[in-house]
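Everything on this sheet refers to the single structure shown next.
Residues: numbered from 1 along the sequence shown. Excluded from the calculations below are hydrogen atoms, water molecules and symmetry mates; all remaining heavy atoms, backbone and side chain alike, are included.
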Amino acid sequence: NSLDKAAFIERIESSEMRKKLIEMCINGASLNELKVCLSSIKKTFDVDREKKLKPGRISKRVNLGFTNKVGVIKRIVEAFLAHHEEDDYQKIFSSTDWSSYSSVTQVFRRFIQKLEQE
């Protein structure tokens, strides 16, 4: 019945969802078809909304991750130094103890800080 369809569509808050359901009515969809369609639209709408509305503060920093292999950090540093032979960067890494995780961590932090100052 058209009145049931109209009442069903009227309760929908989203104008985008209402437009889609009205188009279906024009094309002859039944009330059950509208309900099934609404269910599938809501699922995709909720997924899209979750992607857009993440709770919490807006991210203002980038986490570079972590590694258990000091060799990975050494490769990153060596690749950088191959293209930047300034003495300042060479000084940062000249006394690095590559067998010590704490030494590598401290040096890499200084390296990032130096890059941020440029």
**OP:** With rounding to the nearest 0.5 Å, note down the distance linking CG in N32 to SG in C37.
**Re:** 12.5 Å

Original post:
Can you name the closest pair of heavy atoms from R18 and E13 and give their distance?
Top reply: NH1-O, 3.2 Å

Subject >> Under 3.5 Å side-chain donor-acceptor pair for S99 and D97 >> reply: yes

Original post:
For K114, which residues count as a salt bridge (charged side-chain N to carboxylate O under 4.0 Å, His left out) partner, sequence neighbours excluded?
Top reply: D88

Original post:
Just wondering, do L34 and C25 contact through their side chains at under 4.5 Å, heavy atoms?
Top reply: yes

Original post:
Which pair of non-hydrogen atoms, one from W98 and one from V70, has the smallest distance, and what is that distance?
Top reply: O-CG1, 3.0 Å

Original post:
Among F93, Y89, F108, which residue meets the ring pair (Phe, Tyr, Trp, His ring centres under 6.0 Å) test with F80?
Top reply: Y89

Original post:
How long is the gap from CD on Q106 to OG1 on T96, to the nearest 0.5 Å?
Top reply: 10.0 Å

Subject >> Atom pair NZ (K20) and OG (S40), whose distance is rounded to the nearest 0.5 Å >> reply: 8.5 Å

Subject >> Gap between atom CD of Q117 and atom CD1 of I112 - 0.5 Å precision >> reply: 12.0 Å

Original post:
At their closest point, which heavy atom of M24 faces which heavy atom of E33, and how far apart are they?
Top reply: CE-O, 3.8 Å

Original post:
Which heavy atom in R110 sits nearest to a heavy atom in I92, and how many Å separate them?
Top reply: NH2-O, 3.5 Å

